[in-house]
Visitor: 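My questions will all concern the structure given below.
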Amino acid sequence: MPRRLARFLPRRRRSSHPPRRLTALLLAVALLPLLPATAGAAAPADPPPSAPAARRAVAAMQPGWNLGNTYDAIPDETSWGNPPVTRALLKKVKSQGFKSIRLPVTWGIHQGAAPGYPLDAAWTAKVRQVVDWALDEDLYVLLNMHHDSWMWVNNLSTDHDAVLARYTATWTQIAAEFRDKPSRLVFESINEPTFSGTSGDDENYRLLAELNRVFHQIVRDSGGGNASRLLVLPTLYTNADQGRLDALAAELTALRDPMVATTIHFYGWWPFSVNIAGYTRFDATSEQDLTATFDRAYDTFTARGIPVIIGEYALLAYDHNRPGIIQRGEQRKYFEFLGDYARRRQLTTMLWDAGQFLNRTTLRWRDAELFGQIRSSWTTRSGTASSDMVFLPKSVAITSRTLTLNTNGTDFQGLRHGSRTLLKGRDYTVSGSRLTLTASALTELAGDRAYGVNSTLEARFSRGVPWRIDVITHDVPVLSNASGSTSGLSLPTRFRGDMLATMEARYDDGSNAGPADWTSYQQWDTAFSAYTGDSIKLTGEFFNALKDGSRVTLTFHFWSGSKVTYYVTKSGSTASGTPA
């Protein structure tokens with residue numbers, strides 16, 4: 001998640017809906033200037049570098065994968081939709097090139113009462129079994145305390161002694177349970193630390209430093225392999241703003257332990273990651289947010305000899321159950337760039353997978369093409385293009401179409417359609433970074449010009465994976481009248497080969513309408529969605545934010561570039577809509 005917002009986002013799963021309140025706060029955060037420095041703790045003296053063994057271990061953990069929404073799930077491992085863990089799953093993860101797994105565990109719901117806070121033996125045995133399976137597959141394991149962070153640890157400020165006693169008892173038992181495991185088992189003190197009822201960042205930093213210090217002492221004093229085990233400490237909220245990084249650097253300076261690493265999380269530029277405010281593309285702003293974040297982590301830690309683990313990364317709104325929020329090609333550009341820049345900044349990455357990437361029942365990637373892009377990014381760059389779609393209006397004659405190639409340091413080597421190589425000059429031309437598909441080639445590729453994808457091309461480059469280009473026949477979508485309840489209104493829609501990108505909402509006076517009143521472009525799923533082939537849905541939350549009796553003009557933006565205007569009006573508990 002965007003780490004500035006970690007403490008406000010839902011805890012259940014990173015692929016779930018973003019927060020439905022705090023709109024003004026999100027505006028202020030999302031539109032902060034992308035500068036390297038932010039307010040926070042004073043920059044500390046340089047912390048001592050980690051030992052070479054710590055740096056080698058973190059490097060050996062690249063790339064990593066999260067066993068998300070399983071042992072962190074509430075109340076048990078299958079509660080959030082994933083099947084029980086099998087050894088076959090760990091074998092699959094290993095076979096796909098991963099070198100480590102992060103094992104998020106929520107301990108507090110499997111724990112007895114004070115004063116001993118005993119951990120449930122059966123639950124601990126399940127965790128131990130997965131640790132053993134992963135170690136047997138020669139994987140590193142990063143074991144943590146997960147949703148406890150917001151369930152009870154967050155009360156440290158207001159219930160200090162009780163929380164600290166429970167935290168101490170919990171980690172004392174974990175440390176004892178795993179003290180003799182190989183060094184490839186790594187401990188992380190707390191996931192996304194957050195504190196309630198505090199006076200601000202200074203107190204938050206002090207509380208986190210106390211937790212990390214207690215964790216450090218418990219593990220080191222437990223002996224065995226724990227005396228020299230690699231320990232991973234998070235920033236506040238696992239956020240990479242400079243103040244958070246500096247506060248953790250100060251902790252490391254005080255600890256002076258050579259076997260430590262640091263961790264942050266990254267889910268992309270928030271408006272792009274959830275599709276709000278018109279950020280439908282992985283553009284220069286999203287790219288700058290990523291590079292600035294990784295640069296700060298590198299400058300504060302990596303350049304000083306302290307390894308950094310991006311313990312979670314993905315996109316907030318990526319979910320196989322809710323396709324279309326972030327367009328497929330834009331997802332690929334994001335993951336391609338992230339993998340490359342993390343490698344350049346020597347950051348170890350761990351993909352957050354709550355079941356949205358790897359189907360744990362079939363052990364198949366839900367989107368093999370996307371995972372191929374992610375895997376390729378671990379070692380090299382891939383070429384992309386300005387879009388992975390070429391739209392051909394059915395109502396007019398076919399003409400040539402041009403895309404901009406992003407070669408990313410590779411060489412463009414041509415186009416293929418199935419087993420056929422397209423001919424340069426006849427089927428396409430290249431001028432600088434401009435790739436133009438000829439009208440004759442597109443006519444052939446469009447076939448009978450049925451609405452939707454008619455053909456798929458592959459742009460080949462000298463390195464990395466091919467770039468998919470769909471040739472799509474479309475016409476401007478047509479919406480029809482609708483009436484119903486303000487709890488949710490479906491607008492009958494003939495998409496005619498097109499796909500919805502985003503939606504604007506304004507009152508007749510030009511002011512913004514909807515839950516995100518700071519922008520005319522509303523958030524997918526919060527205000528609207530389009531998951532079926534016959535309608536666009538407006539949510540109850542959207543109507544709850546509207547003025548009664550005031551007409552709202554909706555502008556639907558489609559990926560072809562088409563725009564459709566539509567009017568809706570709320571009247572008490574009913575709503576109606578008409579095309580413009």
Side-chain angles (χ1 to χ4, degrees), residues 5 8-10 12-13 15-27 30 270-271 273-280 316-317 319 321-326 476-496 498-558 562-580:
L5 304 177
F8 301 117
L9 296 187
R12 172 171 174 178
R13 47 184 301 177
S15 53
S16 62
H17 296 178
R20 304 276 176 101
R21 56 199 188 277
L22 304 168
T23 317
L25 171 65
L26 296 182
L27 170 63
W270 177 71
S273 192
V274 302
N275 190 342
I276 194 173
Y279 284 92
T280 57
L316 283 174
D319 189 335
N321 288 318
R322 300 181 294 136
I325 304 177
I326 303 172
V476 177
V478 176
L479 278 73
S480 303
N481 292 338
S483 61
S485 168
T486 55
S487 63
L489 183 65
S490 291
L491 314 181
T493 305
R494 287 185 290 146
F495 288 93
R496 304 208 294 177
D498 217 334
M499 291 160 281
L500 185 64
T502 188
M503 180 190 84
E504 287 187 89
R506 290 190 175 92
Y507 292 109
D508 286 346
D509 64 4
S511 62
N512 300 326
D517 58 4
W518 48 273
T519 174
S520 62
Y521 289 91
Q522 296 300 294
Q523 182 176 334
W524 189 299
D525 264 354
T526 300
F528 70 96
S529 64
Y531 296 127
T532 65
D534 59 1
S535 67
I536 296 171
K537 184 175 181 179
L538 304 179
T539 68
E541 187 166 349
F542 175 73
F543 283 109
N544 287 342
L546 298 188
K547 301 172 185 176
D548 199 64
S550 296
R551 190 180 75 164
V552 175
T553 298
L554 305 179
T555 304
F556 293 105
H557 296 256
F558 295 86
S562 295
K563 299 179 184 179
V564 175
T565 303
Y566 194 88
Y567 301 127
V568 293
T569 303
K570 168 185 173 180
S571 180
S573 62
T574 63
S576 61
T578 59

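What you see is a predicted model, and the numbers here were worked out from it, not measured in a lab.
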Visitor: Which pairs, with at least one residue in residues 542-556 and sequence neighbours excluded, count as a salt bridge (Lys or Arg N to Asp or Glu O under 4.0 Å)?
Guide: Asp508-Arg551

Visitor: What is the minimum heavy-atom distance between Ala513 and Val552, and which atoms define it?
Guide: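 Answer, listing the atom of Ala513 first, then Val552: CB-CG1, 3.9 Å.
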
Visitor: What are the two closest non-hydrogen atoms of Ala516 and Ile276, and how far apart are they?
Guide: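 Shortest heavy-atom separation between Ala516 and Ile276 comes out as CB-CD1, 3.8 Å.
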
Visitor: Can you name the residues that form a ring pair (Phe, Tyr, Trp, His ring centres under 6.0 Å) with Phe528, not counting sequence neighbours?
Guide: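 Per chain and number, Phe528 pairs via ring pair (Phe, Tyr, Trp, His ring centres under 6.0 Å) with Trp524.
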
Visitor: Of all residues at least two apart in sequence or in a different chain, which pass the side chain to side chain donor-acceptor pair (under 3.5 Å) check with Asp498?
Guide: Ser560

Visitor: Take Leu538 and Leu554 through the side-chain contact (heavy atoms from CB on, under 4.5 Å) test and state the conclusion after the steps.
Guide: CA-CA 11 Å; Leu538 304 179; Leu554 305 179; 3.8 Å; yes

Visitor: According to salt bridge (Lys or Arg N to Asp or Glu O under 4.0 Å), who are the partners of Arg506, at least two apart in sequence or on a separate chain?
Guide: Glu504

Visitor: Apply side-chain contact (heavy atoms from CB on, under 4.5 Å) to Thr502 and Tyr279, showing your working.
Guide: CA-CA 9 Å; Thr502 188; Tyr279 284 92; over 6 Å; no

Visitor: Please round to the nearest 0.5 Å and tell me the distance separating atom CZ of Phe558 and atom CE of Met499.
Guide: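 So the gap between those two atoms works out to 10.5 Å.
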
Visitor: List for me each residue that meets side chain to side chain contact (heavy atoms under 4.5 Å, CB included) alongside Ser571, sequence neighbours excluded, and say none if there are none.
Guide: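 Here the qualifying residues are Thr574.
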
Visitor: Taking Asn481 for its side chain and Ser576 for its backbone only, find out whether a donor-acceptor pair lies under 3.5 Å.
Guide: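 No.
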
Visitor: If I take atom CD from residue Gln522 and atom CG from residue Asn275, how far apart are they, to the nearest 0.5 angstrom?
Guide: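 Going from the CD atom of Gln522 to the CG atom of Asn275 covers 11.0 Å.
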
Visitor: Report the residues that fulfil side chain to side chain donor-acceptor pair (under 3.5 Å) with Ser535, sequence neighbours left out, ordered by chain and then residue number.
Guide: Thr532

Visitor: Quick one: list whatever passes side chain to side chain donor-acceptor pair (under 3.5 Å) with Thr555, sequence neighbours left out.
Guide: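 By the side chain to side chain donor-acceptor pair (under 3.5 Å) rule, Thr555 matches no residue at all.
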
Visitor: Considering all heavy atoms of both residues, which atom of Arg322 and which atom of Ala317 are nearest to each other, and what is their separation?
Guide: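 Minimum heavy-atom contact is NH2-O, 4.2 Å.
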
Visitor: Consider side-chain contact (heavy atoms from CB on, under 4.5 Å). Of Leu500, Asn321, Ile325, which one does Tyr531 pass it with?
Guide: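 Output: one option passes, namely Ile325.
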
Visitor: Using every non-hydrogen atom in the two residues, find where Ser562 and Pro477 come nearest and quote the distance to one decimal.
Guide: CB-CD, 4.2 Å

Visitor: Could you tell me which non-hydrogen atom of Ile326 sits nearest to which non-hydrogen atom of Ser273, and how far apart they are?
Guide: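 Looking at all heavy atoms of both residues, the shortest contact is CD1-O, 3.3 Å.
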
Visitor: What's the separation between atom CD in Gln523 and atom OG in Ser529, rounded to the nearest 0.5 Å?
Guide: 12.0 Å

Visitor: Is it true that a side-chain atom of Tyr566 and a backbone atom of Ser480 form a donor plus acceptor pair closer than 3.5 Å?
Guide: yes

Visitor: Considering all heavy atoms of both residues, which atom of Ala545 and which atom of Tyr507 are nearest to each other, and what is their separation?
Guide: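 In terms of heavy atoms, the two residues are closest at O-OH, 3.9 Å.
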
Visitor: Report the residues that fulfil ring pair (Phe, Tyr, Trp, His ring centres under 6.0 Å) with Phe543, sequence neighbours left out, ordered by chain and then residue number.
Guide: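 Checked Phe543 against ring pair (Phe, Tyr, Trp, His ring centres under 6.0 Å); zero matches.
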
Visitor: Do Trp270 and Leu316 pass the side-chain contact (heavy atoms from CB on, under 4.5 Å) test, and can you show the C-alpha distance, the side-chain angles, and the key distance before you say yes or no?
Guide: CA-CA 8 Å; Trp270 177 71; Leu316 283 174; 3.8 Å; yes

Visitor: Would you compute the distance between atom CZ of Phe495 and atom CG of Asp534 and round it to the nearest 0.5 angstrom?
Guide: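 Between atom CZ of Phe495 and atom CG of Asp534 there are 8.0 Å.
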
Visitor: With Thr539, which residues qualify under side chain to side chain contact (heavy atoms under 4.5 Å, CB included), at least two apart?
Guide: Glu541, Phe542

Visitor: List the atom pairs, with distances to 0.1 Å, where a side-chain N or O of residues 486-494 and a protein N or O form a donor-acceptor pair under 3.5 Å, not counting sequence neighbours.
Guide:
unit_1	atom_1	unit_2	atom_2	d
Thr486	OG1	Ser573	O	3.3
Ser487	OG	Ser485	OG	3.0
Thr493	OG1	Leu491	O	2.8
Thr493	OG1	Ile536	N	3.4

